[in-house]
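Naming convention: chains lettered A, B, ... in sequence-line order (proteins, then strands); numbering from 1 in each chain. Quantities reported herein were computed from a predicted structural model and do not represent experimental measurements.
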Amino acid sequence: MAGDASRAVLDARGLTLDFPTARGGTLRAVDDVSFTIREGERLVLLGPSGCGKSTILKTVAGFIRPSAGALTLRGRAVTGPGPDRLVVFQEFDQLLPWKTVRANVAFGLKRKGGLNAAEIAEKAAVAIERVGLTRAADAYPHTLSGGMKQRVAIARALAAEPAILLMDEPFAALDALTRERLQGELVGLAESLGFTLLFVTHSIDEAILVGTRLHLLSAHPGRTIASFDVSDFGADAWGSPEFERISGEVHRLLFGGERRRAPGRGQNERAELAYV
Amino acid sequence: MSDLTQSWTGSARAADRATIGARVKAVANSPFARRLFVLALLALAWEIAARVQHNPIMLPSFLETAGAFVEGVTVDNLLGATLASLSVLLKGYVLAIGIAIVLVSVAVANSFARDVLTTLTAMFNPLPAIALLPIAMLWFGLGEKSLIFVLVHSVIWPFALAALSGFETVPETLRLVGRNYGLKGPAYVARILIPAALPAILSGLRIGWAFAWRTLIAAELVFGVTARQGGLGWFIFQNRNELYTDKVFAGLAAVILIGLLVDAAVFRAIEAATVRRWGTQR
């Protein structure tokens, strides 16, 4: 079994999340969402704000318990947070401000355990080099730009080699140019290292670029609309007619529901077909 | 060519002068120099006021006080009195911080304990420690124990308040990162919460130190001698009784000097090495 590229890393079955409201009732944020992420796959949860995509990611990370449904990591039930599912958050303050870049990356490796000091130092140096921050390795986070901070967070998570990397809109707070560059760098790292990724975003272009598979969600509550393969669209495909076609299709599935549903039922049939 | 060289060296000299000027300006603008200047100004005003008034029993001049300070250190055992005060102070301070850390740790982990601590803090923080001295003397008698009791009371509440609010304002993202990397219980507190709350904890330590110092001197004034050796408050009280006003002022100067010294050498140094370096406090 080991080394089998098709085996499931993360499996979510019928994931449902309810939250208590101020009036004493419950609010359903996520309703019956299922997906499977296989080794080396990059699944993107894509949907408008309020579709519960970040909540799903926090559930996978173990911060939130699902109200119903099962969540398994390599066949074992997820019961709480752990370093086998590391998160890169959107916020810049996710780095520990009292540690240098090097110490932040080493922190993740130390938490993982089973390594001696020399191995930790070496792995940290490699991880920092991968994101191009060797020159800033001894700087404190408050001296870095937003893009550099996100690179350090990615390096820290990747260095500890989690079973799956979770990213919660990691580039949303960056300026457009930096965001584009980091998206490209992330895809490059993913292709050379082959890590498994669950990525949350509301940007369609980012989703197609970063992911090998898209999982579309509707809002209030979050429900699966469709799931399809986009592994053919890398950074080089950006702006091509085929890329535009997929992007338009995703846009229609997410936002054009009412308009298209009125004349016929084609929309729903298409979603059924696209679901894998 | 020679023209060029001349003008070049000329401008170099001008640049030299400018850097010397800039250096003088930098020194004058440094907080230490500014503080020294303020102190010198105060001393001058004091000296003039005392000379105009010309009544050394009511207001000794700055120079007389300085002389009494030197004499106090060399003859009257001002240093011994200071050490006696400091030793009681440190005992009370360390004990209070230790108790407060336990209280705050429990309060961070448990919401009922947090309610208890916030209620206690709201009750006891406004109560002047010195007001407890009569009760302390009733319970513990005339001695160091009574002093330590009021000291602990004066430090524990302001420090607990500052530390608790520090823990409560740790950003949510940092908490999630700590849990994400598998930190739990005491390791989570030690590796995430304490460093993140350090600016508030340090300011609590500073406030606690100031409260402890003023409470101790006040208690010694009321109380007199506690052990074999009287403290600074006792030194002030005794000299006031004998109308050695210049020595009273020398005693007060010792209190102020230690306050300044601890602030600069301990708290500022710790801040520079931690929270300022990390950019978590400006």
Side chain from CB out, backbone as N, CA, C, O: work out which of these in [X] comes under 4.5 Å of a heavy atom of chain B, or both, or neither.
{"X": "A:Phe89", "value": "side chain"}
{"X": "A:Leu95", "value": "backbone"}
{"X": "A:Arg85", "value": "backbone"}
{"X": "A:Lys110", "value": "neither"}

(message) If you count heavy-atom pairs within less than 4.5 Å of chain B, which of A:Leu166, A:Thr100, A:Leu86 leads?
(response)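 Greatest number of close heavy-atom pairs with chain B: A:Leu86.
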(message) Counting heavy-atom pairs closer than 4.5 Å to chain B, which one of A:Trp98, A:Phe107, A:Tyr140 comes out on top?
(response)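 It is A:Trp98.
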(request) Could you tell me whether A:Arg135 and A:Glu129 make a salt bridge, using a distance below 4.0 angstrom between a side-chain N and a carboxylate O? (result)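 No, A:Arg135 and A:Glu129 are not salt-bridged.
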(message) Any carboxylate oxygen within less than 4.0 angstrom of a Lys/Arg side-chain nitrogen, looking at B:Glu168 and B:Arg114?
(response)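 A salt bridge is present here (some side-chain N lies under 4.0 Å from a carboxylate O).
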(message) Assess, by modelled atom type and distance only, whether the side chains of B:Thr173 and A:Asp93 contain a donor and an acceptor separated by less than 3.5 Å.
(response)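 Present: a donor and an acceptor within the cut-off.
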(request) Can you spot which of A:Glu185, A:Arg179, A:Glu91, A:Gln94 makes a side chain to side chain donor-acceptor pair (under 3.5 Å) with A:Gln150? (result)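 Answer to the side chain to side chain donor-acceptor pair (under 3.5 Å) test with A:Gln150 among A:Glu185, A:Arg179, A:Glu91, A:Gln94: A:Gln94.
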(request) Tell me, please, whether B:Tyr188 has B:Arg191 positioned over its six-membered ring: NZ or CZ under 6.0 Å from the ring centre and within 45 degrees of its axis? (result)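 Geometry flag: not set, cation outside 6.0 Å or 45°.
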(request) Give the member of B:Pro195, B:Gly182, B:Ala196 that has the highest number of heavy-atom pairs under 4.5 Å with chain A. (result)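 Heavy-atom pair counts peak at B:Pro195.
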(message) Is B:Leu198 close to chain A through its backbone or its side chain, or both, or neither, when contacts mean heavy atoms under 4.5 Å?
(response)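 Answer is neither: B:Leu198 stays 4.5 Å or more from chain A.
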(request) Would you check if the side chain of A:Glu122 reaches a backbone N or O of A:Glu119 as a donor-acceptor pair within less than 3.5 Å? (result)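 Side chain of A:Glu122 to backbone of A:Glu119, a donor-acceptor pair under 3.5 Å: no, none is there.
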